[in-house]
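Beneath this line is the structure, given in structure tokens, with notes to follow.
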There are 2 protein chains.
Amino acid sequence: MRGLHADTGYLLYRLGLRSGQLFNTFLQESGVRLRHYAVLRFLATAEGALQRELSARLGYDPSAIVGLVDDLEKLGFAERRPAPDDRRSRIVVLTEDGRAFLRGTDEAGLRVTNDLLAPLDPAERETLHTLLRRIAEDGLT
Amino acid sequence: MRGLHADTGYLLYRLGLRSGQLFNTFLQESGVRLRHYAVLRFLATAEGALQRELSARLGYDPSAIVGLVDDLEKLGFAERRPAPDDRRSRIVVLTEDGRAFLRGTDEAGLRVTNDLLAPLDPAERETLHTLLRRIAEDGLT
DNA sequence: CAACAACTATTGACGATAACAATTATTGCT
DNA sequence: AGCAATAATTGTTATCGTCAATAGTTGTTG
């Protein structure tokens with residue numbers, strides 16, 4: 001009979017849960033959760049995005065995006081602007097406060113990851129990262 | 001500004017979600033979900049376990065274990081037996097049907113994992129697996 | 001040995017998540 | 001002009017994770 005952790009997919013599932021929990025406890029005091037953080041990070045790379053792009057690239061349901069952007073607007077970290085060419089769409093952009101928040105939490109986020117990957121040396125972390133990225137390429141952003 | 005997937009912890013979180021979804025859709029027709037499957041797999045390795053052991057080793061709340069074992073009993077995949085030395089405890093054991101179910105879903109589960117890890121060659125999958133295991137050692141079962 | 005603290009399983013409650021269906025406003029097609 | 005498709009939104013439902021409270025049992029210790 002196979003062992004409990006014989007399966008890589010199951011391992012990923014369990015570690016993903018743990019990673020998410022760590023991130024959330026770290027973000028807790030900032031008033032945002034992991035999903036908000038993901039949106040902010042995406043906005044930072046994209047210099048503005050339609051909500052449907054956020055949905056597609058982050059893998060969250062469109063209805064989830066609505067609430068997340070609502071929260072980010074309340075916090076002053078992002079804004080909705082009308083899309084010039086399509087009145088159905090709204091463009092979500094990072095505010096200056098949002099940028100500052102990202103800068104402030106950046107190295108704290110790295111600390112969380114360091115904590116999680118404690119058993120691995122730097123070379124191994126690099127290997128892990130590139131392998132995960134290769135898997136993620138296909139389907140996620 | 002760092003890219004969206006610059007962070008390994010975040011990557012783990014996203015891939016863990018996807019892995020869990022894949023497993024769940026595959027298990028769906030069997031009437032069990034991922035958490036039930038995890039319990040079954042643990043029971044298979046342990047030849048019976050107290051519920052508090054399931055809780056501690058799988059990381060689920062004791063109150064969650066109750067419902068999961070209830071479901072597994074209804075399906076005929078597991079049974080609760082009195083612990084001989086402590087009348088507070090119950091020992092959960094796999095039934096023959098439970099074992100058969102595990103055998104039947106075993107290679108189907110591997111197919112799911114194969115699907116997920118499609119971008120990697122066998123050697124890379126092996127590397128990924130051992131790296132993830134090293135991380136998991138510390139804290140999970 | 002009697003009182004009390006600790007433990008096991010259970011129930012119940014609550015907020016957070018995730019997945020879907022349905023709606024409204026707008027656009028593109030033909 | 002009519003109709004299918006699309007973007008954002010609302011609402012619903014099921015699951016999840018955590019926490020508090022309870023009943024029954026065990027262990028401790030004063």
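Letters go in sequence order (proteins before strands), and every chain restarts at 1.
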Qualifying residues under side-chain contact (heavy atoms from CB on, under 4.5 Å), relative to B/Ala49, sequence neighbours excluded: B/Phe42, B/Leu43, B/Glu53, B/Leu54

Ranking C/dT27, C/dA19, D/dT15 by distance to the side chain of A/Arg87, first place goes to C/dT27

A/Asp71 CG to C/dA16 C1': how many Å, rounded? 12 Å

Whole-Å distance, A/Leu34 CG to D/dC16 C1', equals 15 Å

Walk me through whether B/Arg103 and B/Glu96 qualify under salt bridge (Lys or Arg N to Asp or Glu O under 4.0 Å). CA-CA 11 Å; B/Arg103 275 193 298 273; B/Glu96 200 39 59; 3.7 Å; yes

How are the rings of A/Phe101 and A/Tyr37 set relative to one another: parallel (under 30°), tilted (30 to 60°) or perpendicular (over 60°)? perpendicular

Do nucleotides 4-12 of chain D as a string where each nucleotide becomes B, S or -: B if the base has a protein heavy atom under 4.0 Å, S if just the sugar-phosphate does, - if no protein is that close. -BBSSBBB-

Could you identify which residues cluster with A/Val66, counting Ile, Leu, Val, Met, Phe, Trp and Tyr as linked when any side-chain heavy atoms lie under 4.5 Å apart, either directly or through a chain of such contacts? none

Between A/Gln21 (CD) and D/dC16 (P), how many Å, whole number? 14 Å

Is B/Arg14 close enough and on-axis enough to A/Tyr60, meaning under 6.0 Å and within 45°, for cation-pi? yes

Quickly work out the B/Asn24 CG to C/dT17 P distance and round it to whole Å. 18 Å

Cation-pi check for A/Tyr10 against B/Arg41: NZ or CZ below 6.0 Å from the six-membered ring centre and within 45 degrees of the axis, yes or no? yes

Comparing B/Asp85 with A/Leu17, nearest DNA chain D nucleotide closer to 5' gives the residue A/Leu17

Which whole-number value in Å describes the distance from A/Phe23 CZ to C/dA16 C1'? 19 Å

Interatomic distance, B/Tyr60 OH vs D/dC19 C1' [rounded to whole Å]: 19 Å

